[in-house]
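These notes concern the structure reproduced below.
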There are 2 protein chains.
Amino acid sequence: MEKTLKDLSTEDKIKAAARKIFTKKGYSATRTRDIAKEAGINLALLNYYFRSKEKLFEIVMLENFGQFIEGVRELIYERTTSLDQKVNVLVEFYINQMNENPDLPLFVLNEVRSNPKTLKNNGFTRDMLLKSIFMQQLVEELKQNKKTELNPLHLVMNIFSMTIFPFIASPLILKAGNLSVQDFKTIMEERKKLIPQWIKKMLLNK
Amino acid sequence: MEKTLKDLSTEDKIKAAARKIFTKKGYSATRTRDIAKEAGINLALLNYYFRSKEKLFEIVMLENFGQFIEGVRELIYERTTSLDQKVNVLVEFYINQMNENPDLPLFVLNEVRSNPKTLKNNGFTRDMLLKSIFMQQLVEELKQNKKTELNPLHLVMNIFSMTIFPFIASPLILKAGNLSVQDFKTIMEERKKLIPQWIKKMLLNK
DNA sequence: GTCTATATACGGATAGAC
DNA sequence: GTCTATCCGTATATAGAC
């Protein structure tokens with residue numbers, strides 16, 4: 001399913017091009033001229049559709065951020081799935097996501113760090129995690145296993161760390177591990193099974 | 001030990017200022033004027049000492065990259081310390097490092113991703129990890145525990161992921177966990193003990 | 001070595017024709 | 001809606017006085 005730019009409206013062509021370049025290079029390093037060229041249109045059109053570089057970036061940013069947390073919100077409020085199932089789905093979801101768009105996590109993390117107000121108005125609310133069923137199940141499981149001294153946030157951090165960080169650091173990992181791109185993909189596939197197993201061990205006492 | 005800029009030579013003042021700003025904002029978003037102001041000198045001096053913005057950045061980049069892997073190279077080639085000890089030191093080293101300079105990891109990871117040739121000429125060699133004593137000890141431990149089917153790179157990735165990622169994602173974690181900065185520091189202190197324990201569990205069979 | 005003033009280039013944005 | 005040409009602010013870099 002090659003996404004041919006020709007099918008899209010001019011506005012969408014620009015948006016797609018902007019997203020590609022902004023996501024890869026960040027706000028400052030991106031030239032509006034490069035977006036125009038990538039979209040196959042003239043620079044003036046960019047300002048015709050979106051008033052400024054900044055406006056365009058905002059749109060891209062919200063889309064990227066949305067992609068990062070969308071699909072997770074419903075998952076962690078799901079009442080019918082077990083904790084184990086949630087961890088499995090979460091890990092698999094993100095690994096698939098990053099395989100498709102490896103620049104996404106670094107883009108999001110850069111943005112929330114350099115521009116704190118990113119964390120307003122994007123659907124990522126305080127309490128979204130803390131009040132979730134997922135969190136309740138986690139706390140319950142720790143209680144069952146007499147591990148109440150362990151802050152459940154550690155486990156949440158571990159899930160995301162072990163899932164996302166390898167993609168962020170992939171250039172270093174490829175070199176340090178003497179891996180091909182294909183090797184790396186295989187390893188990340190393995191992690192879909194491994195990470196949930198490790199999390200399970202962390203939940204158990206002893 | 002406040003580092004007062006007044007003590008330094010002009011050249012070092014510029015370098016220090018450059019490092020601070022480049023590390024925080026990245027290459028493109030940094031203005032040489034801001035570096036000059038931060039250093040308390042005139043803009044022209046910057047070009048007098050370092051020929052260009054790019055040259056100056058290169059120096060900063062190498063310093064930052066060096067700080068990231070320096071201290072680790074010797075550690076992983078140490079023959080007298082056990083695997084457990086190495087993991088402990090590694091985790092503690094990086095957590096201390098990031099506490100002091102939280103912008104460092106994102107800077108390094110951005111740079112290696114956007115500029116692949118960063119990975120040449122910086123002391124980070126292919127085989128540096130694979131040929132290390134640390135790696136040998138890891139493989140040996142897995143063999144002892146009849147876990148040879150597990151690629152040891154997974155465990156290396158886990159150590160770095162669980163240690164470094166929380167700092168990269170700290171703005172998100174603070175909000176999602178409803179944490180104060182002090183809470184976060186406390187949690188990261190806890191992780192100095194926890195991560196080695198988790199790694200140990202991953203090494204064991206069952 | 002350090003400054004002020006300025007050259008030069010680049011990038012975002014707009015005017016105006018079609 | 002789409003283009004070409006151009007404006008104009010800003011950022012890097014340099015010339016030249018002290």
Side-chain angles (χ1 to χ4, degrees), chain A residues 3-64 103 107 110-111 114-115 117-118, chain B residues 3-64 103 107 110-111 114-115 117-118:
Chain A
K3 56 173 159 183
T4 54
L5 288 181
K6 281 198 296 185
D7 307 341
L8 301 170
S9 70
T10 299
E11 185 172 349
D12 286 339
K13 273 192 283 189
I14 298 173
K15 224 191 301 189
R19 190 167 183 199
K20 176 174 172 183
I21 300 185
F22 274 136
T23 305
K24 190 187 195 76
K25 316 217 290 180
Y27 181 80
S28 297
T30 295
R31 314 291 132 197
T32 51
R33 282 172 164 80
D34 294 339
I35 296 176
K37 180 183 278 187
E38 170 79 23
I41 53 95
N42 188 276
L43 171 60
L45 267 186
L46 187 150
N47 287 300
Y48 172 76
Y49 281 103
F50 310 87
R51 235 186 45 214
S52 67
K53 177 185 180 182
E54 205 170 348
K55 281 279 178 202
L56 184 51
F57 181 77
E58 239 170 79
I59 293 169
V60 168
M61 200 270 295
L62 285 174
E63 281 183 6
N64 278 352
D103 291 321
F107 174 92
N110 278 321
E111 187 58 18
S114 64
N115 191 358
K117 62 177 173 293
T118 301
Chain B
K3 55 175 161 182
T4 53
L5 287 183
K6 282 197 297 183
D7 306 342
L8 301 171
S9 70
T10 299
E11 184 171 350
D12 286 337
K13 273 192 282 190
I14 298 173
K15 224 191 300 190
R19 191 169 181 196
K20 176 174 173 182
I21 301 185
F22 273 137
T23 305
K24 189 185 196 77
K25 317 220 289 180
Y27 180 81
S28 297
T30 295
R31 311 294 127 188
T32 51
R33 280 172 166 78
D34 295 338
I35 296 175
K37 182 184 276 183
E38 170 80 24
I41 52 95
N42 188 276
L43 171 60
L45 268 186
L46 188 150
N47 286 304
Y48 172 75
Y49 280 104
F50 310 88
R51 234 187 45 213
S52 68
K53 178 185 180 182
E54 205 170 347
K55 280 280 179 201
L56 184 51
F57 180 77
E58 240 169 79
I59 292 169
V60 168
M61 199 271 294
L62 286 175
E63 280 183 5
N64 278 352
D103 291 321
F107 174 92
N110 276 322
E111 187 57 20
S114 64
N115 191 358
K117 63 176 171 293
T118 302

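Residue numbers begin at 1 in each chain, while the letters A, B, ... track the order of the sequences.
To the nearest 0.5 Å, atom OG1 of residue A/T10 and atom CG of residue A/L46 are 11.5 Å apart. Between atom CD1 of residue B/I35 and atom CG of residue B/L43 there is a gap of 9.5 Å, rounded to the nearest 0.5 Å.
Looking at residues two or more places apart in sequence or on another chain, you find a salt bridge (Lys or Arg N to Asp or Glu O under 4.0 Å) between A/K20 and A/E38. Not counting sequence neighbours, the partners of A/R19 by the side chain to side chain donor-acceptor pair (under 3.5 Å) test are A/N64, A/Q67. In this structure, the side chain to side chain contact (heavy atoms under 4.5 Å, CB included) partners of A/S114, at least two apart in sequence or on a different chain, are A/E111. Take A/D34 and apply the side chain to side chain contact (heavy atoms under 4.5 Å, CB included) test, not counting sequence neighbours, and it matches A/I21, A/K25, A/R31. A/D103 pairs by the side chain to side chain contact (heavy atoms under 4.5 Å, CB included) definition with A/T23, A/K24, A/N101, B/R113, not counting sequence neighbours.
Each end of the helix from C/dG1-D/dC18 to C/dC18-D/dG1 gets its own axis, taken as the rotation carrying the C1' atoms of four end pairs onto the next four within a five-pair window, and the two axes meet at 10° to the nearest 10 degrees.
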Checklist line | Per-nucleotide protein contact string for nucleotides 13-18 of chain C (B base, S sugar-phosphate only, - none; heavy atom under 4.0 Å) | finding: BBB---

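Rounding to whole angstrom units, NZ of residue B/K37 and C1' of D/dT10 are separated by 14 Å. As rounded to whole Å, 15 Å separates atom C1' of C/dT2 from atom CD of B/E11. Between the CD1 atom of A/I35 and the P atom of C/dG12 there is a distance of 8 Å, given to the nearest Å. Summarising the geometry, the separation between CD1 on B/I41 and P on C/dG1 is reported as 14 Å, rounded to the nearest angstrom. Distance, A/D12 CG to D/dG1 P: 12 Å, rounded to whole Å.
Listed by residue number, the members of residues 19-30 of chain B with any heavy atom below 4.0 angstrom from DNA chain D are B/T30.
Here the closest heavy-atom approach between residue A/I14 and residue A/L45 is recorded as CD1-O, 4.1 Å.
In the set C/dG12, D/dT2, C/dC3, C/dG12 carries the atom at the smallest distance from any side-chain atom of A/R31.
Annotation: cation-pi pair A/K53/A/F22 absent, no NZ/CZ under 6.0 Å from the ring centroid and within 45° of its normal.
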Side-chain donor-acceptor distances from residues 54-63 of chain B under 3.5 Å, at least two apart:
none

Check: Passes side chain to side chain contact (heavy atoms under 4.5 Å, CB included), A/K15 versus A/Y49? Steps please.
Finding: CA-CA 10 Å; A/K15 224 191 301 189; A/Y49 281 103; over 6 Å; no

